[in-house]
Number of protein chains: 2
Amino acid sequence: MNSDSSYKNRKVISIGVVKELTGLSERQIRYYEERNLIFPERTEKGSRKYSFFDVERLVEIANQREEGVSTDEIRRDINKRDKEKLKKEDIRKDMLKGQLNARFGIQKK
Amino acid sequence: MNSDSSYKNRKVISIGVVKELTGLSERQIRYYEERNLIFPERTEKGSRKYSFFDVERLVEIANQREEGVSTDEIRRDINKRDKEKLKKEDIRKDMLKGQLNARFGIQKK
DNA sequence: CGTGTAAGGAATTCTGACACG
DNA sequence: CGTGTAAGGAATTCTGACACG
């Protein structure tokens, strides 16, 4: 649900194209997966498939690595951002719930 | 320019994934290219790369083919639609030009 | 015309490992 | 820790062609 299933999140890109798009080596791309920074899917036969979102994250990772940031630290950054995103979503949901309650909530029998 | 360079139009999908996505055979996908219904790009080594736009067009083609429409007729349909799109763009440009002229066009010296 | 298939070769991708630092 | 590389195998993709209808 949400804005998923959009082009940006569909896992359709092979590692060779990701290599072209990011300038990273296959070794690096696989290693960042091993460190849980990205999560490609697999074809039936086992080839990795990435989304545009993954490609963009990889570019960010490459930038951080150039600045000497370790994969562990990058991982923490990603977690932090994800948590903030979830928090915002919760707030939004709460506000929506509140509005719905105000209008339809306390209906007399 | 335009809405190009968006995810939808980037040629990054291999023929194997396109096969999965469309349910067509590689033979069919290559044949529709031969008939000029789609225009994949190539990697340096010669593998075809498709966009999400291509995938959607292929699904349309598959639907038409099921209804017995020939590739020639499909080609004409595509041309017609493209021409209409261009015409609309021309109209939009003309309108814009007109507006700009009305405001800034006939400036005295 | 539209599609299947077998053929042979070239390029891709995968995993586990050794290397260096 | 992060990345390169050689190794061997499996899967992918390509082209040109023959087949059928």
Side-chain angles (χ1 to χ4, degrees), chain A residues 10-79, chain B residues 10-79:
Chain A
R10 302 211 61 184
K11 309 270 188 177
V12 297
I13 311 177
S14 68
I15 197 166
V17 174
V18 172
K19 175 166 60 169
E20 300 293 318
L21 259 29
T22 61
L24 294 167
S25 69
E26 295 183 17
R27 184 69 166 96
Q28 290 174 307
I29 298 170
R30 295 202 190 98
Y31 181 67
Y32 298 150
E33 174 184 0
E34 193 184 319
R35 303 312 312 278
N36 292 308
L37 302 182
I38 49 171
F39 306 93
E41 291 180 358
R42 298 278 184 143
T43 65
E44 297 168 38
K45 297 298 181 54
S47 290
R48 273 166 265 251
K49 292 184 300 182
Y50 303 83
S51 65
F52 283 113
F53 181 81
D54 294 328
V55 170
E56 290 177 11
R57 170 160 291 180
L58 280 169
V59 171
E60 288 175 27
I61 293 169
N63 290 146
Q64 309 251 331
R65 285 291 305 130
E66 270 181 32
E67 294 166 20
V69 185
S70 72
T71 56
D72 275 342
E73 292 169 319
I74 296 173
R75 179 78 280 244
R76 287 187 211 109
D77 283 4
I78 290 175
N79 279 335
Chain B
R10 302 209 62 183
K11 310 269 189 178
V12 297
I13 310 176
S14 68
I15 196 166
V17 175
V18 172
K19 175 166 59 170
E20 300 293 318
L21 258 31
T22 61
L24 295 167
S25 69
E26 296 183 17
R27 184 69 165 92
Q28 289 174 309
I29 297 170
R30 295 201 189 98
Y31 181 66
Y32 299 149
E33 174 184 0
E34 193 184 318
R35 303 312 312 275
N36 292 308
L37 302 182
I38 48 171
F39 306 93
E41 291 179 359
R42 299 279 183 143
T43 65
E44 297 169 38
K45 298 297 180 56
S47 291
R48 273 165 265 251
K49 292 184 301 181
Y50 303 82
S51 65
F52 283 113
F53 181 81
D54 294 327
V55 170
E56 290 178 9
R57 171 161 290 180
L58 280 169
V59 171
E60 288 176 26
I61 293 169
N63 289 148
Q64 309 251 331
R65 285 291 303 130
E66 270 181 32
E67 294 167 18
V69 185
S70 72
T71 56
D72 275 342
E73 293 169 318
I74 296 173
R75 177 80 280 243
R76 287 186 211 110
D77 283 5
I78 291 173
N79 279 335

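In what follows, chains carry the letters A, B, and so on, assigned in the order in which the sequence lines appear, proteins first and then strands, with residues in each chain numbered from 1. Quick caveat: nothing in here was measured; it's all calculated off a predicted structure.
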Chemist: Which of the following nucleotides, dC14(C), dG2(C), dG4(D), is nearest to the side chain of Ile15(A)?
Modeler: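 The nucleotide sitting nearest to the side chain is dC14(C).
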
Chemist: Measure across Leu37(B) and Ile61(B) and return the closest heavy-atom pair with its distance rounded to 0.1 Å.
Modeler: CB-CD1, 3.7 Å

Chemist: Could you check whether any side-chain heavy atom of Thr43(A) comes within less than 4.5 Å of a side-chain heavy atom of Arg48(A), counting everything from C-beta outward?
Modeler: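 When only atoms from C-beta onward are counted, Arg48(A) and Thr43(A) do not touch, as no gap falls below 4.5 Å.
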
Chemist: Closest to the Arg48(B) side chain: dT12(C), dG4(C), dT15(D)?
Modeler: dT15(D)

Chemist: Between Glu41(A) (CD) and dC14(C) (P), how many Å, whole number?
Modeler: 14 Å

Chemist: Without decimals, in angstroms, what is the distance between Glu33(B) CD and dT3(C) C1'?
Modeler: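 For the pair Glu33(B) CD and dT3(C) C1', the rounded distance is 16 Å.
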
Chemist: Ser47(B) or Glu26(B): which one's nearest nucleotide on DNA chain C is closer to the 5' end?
Modeler: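 The 5'-side residue here is Glu26(B).
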
Chemist: Please give me the minimum heavy-atom distance between Arg65(B) and Val69(B), naming the atom from each residue.
Modeler: NH1-O, 2.8 Å

Chemist: Between Glu33(A) and Arg42(A), which heavy-atom pair has the shortest distance, and what is it?
Modeler: OE2-NH2, 4.1 Å

Chemist: Before accepting this row, confirm whether a basic side-chain N of the pair Arg30(B)/Glu34(B) lies closer than 4.0 Å to the acidic partner's carboxylate O.
Modeler: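 No salt bridge links Arg30(B) with Glu34(B).
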
Chemist: Once you round it to whole Å, what is the distance between C1' of dT12(D) and NZ of Lys49(B)?
Modeler: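 So the two atoms are 16 Å apart, to the nearest Å.
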
Chemist: Out of dA17(C), dG2(C), dG2(D), which has the shortest distance to the side chain of Arg27(A)?
Modeler: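 Nearest to the side-chain atoms of Arg27(A), counting from C-beta on, is dA17(C).
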
Chemist: Quick check on dG2(C): is either OP1 or OP2 less than 4.0 Å from any side-chain nitrogen or oxygen of Tyr32(B)?
Modeler: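 So the side chain of Tyr32(B) is outside the cut-off, no N or O lying under 4.0 Å from OP1 or OP2 of dG2(C).
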
Chemist: What is the distance, rounded to the nearest whole Å, between atom CZ of Arg35(A) and atom P of dT3(D)?
Modeler: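 Arg35(A) atom CZ is separated from dT3(D) atom P by 10 Å.
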
Chemist: Determine the contact category for Ser25(B): base if any of its heavy atoms lies under 4.0 Å from a base atom, sugar-phosphate if only primed atoms, P, OP1 or OP2 are that close, otherwise nothing.
Modeler: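 Sugar-phosphate contact only.
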
Chemist: Looking only at the side chain of Thr71(B) (C-beta and beyond, no hydrogens), which of the listed nucleotides dG2(C), dG2(D), dT15(C) gets closest?
Modeler: dG2(C)

Chemist: Taking 4.0 Å as the cut-off, does a side-chain nitrogen or oxygen of Lys45(A) come that near to OP1 or OP2 on dT12(D)?
Modeler: yes

Chemist: Please tell me if Tyr31(B) has a side-chain N or O lying less than 4.0 Å from either OP1 or OP2 of dT3(C).
Modeler: no

Chemist: Using whole Å, report how far CD1 of Ile29(A) lies from P of dT5(D).
Modeler: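 Computing the Ile29(A):CD1 to dT5(D):P distance gives 15 Å.
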
Chemist: dT12(D), OP1 or OP2 - any side-chain N/O from Ser14(A) closer than 4.0 Å?
Modeler: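 For Ser14(A), the contact criterion (side-chain N or O under 4.0 Å from OP1 or OP2 of dT12(D)) is not met.
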
Chemist: Return the nucleotide paired to dC18(D): Watson-Crick means purine N1 to pyrimidine N3 with N6-O4 or O6-N4, wobble means G-U with N1-O2 and O6-N3, both under 3.5 Å.
Modeler: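 Check on dC18(D): paired to dG4(C), both distances under 3.5 Å.
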
Chemist: Could you state the atom-to-atom distance from CD of Glu44(B) to P of dC14(D) in whole Å?
Modeler: 15 Å

Chemist: Please state how far atom CG in Leu37(A) lies from atom P in dT3(D), giving the value in whole angstrom units.
Modeler: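 So the CG-P distance, Leu37(A) to dT3(D), works out to 10 Å.
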
Chemist: If you assign each of Tyr50(A) and Asp72(B) to its closest nucleotide in DNA chain C, which residue comes earlier from the 5' end?
Modeler: Asp72(B)

Chemist: Among dT15(C), dG2(D), dT12(C), which nucleotide has an atom closest to any side-chain atom of Arg30(A)?
Modeler: dT15(C)

Chemist: Give the rounded distance in Å between these two atoms: CD1 of Ile13(B) and P of dT12(C).
Modeler: 18 Å

Chemist: In the structure I gave you, are the side-chain heavy atoms of Ile38(A) and Arg57(A) within less than 4.5 Å of one another anywhere?
Modeler: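 Yes. Closest side-chain heavy atoms under 4.5 Å.
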
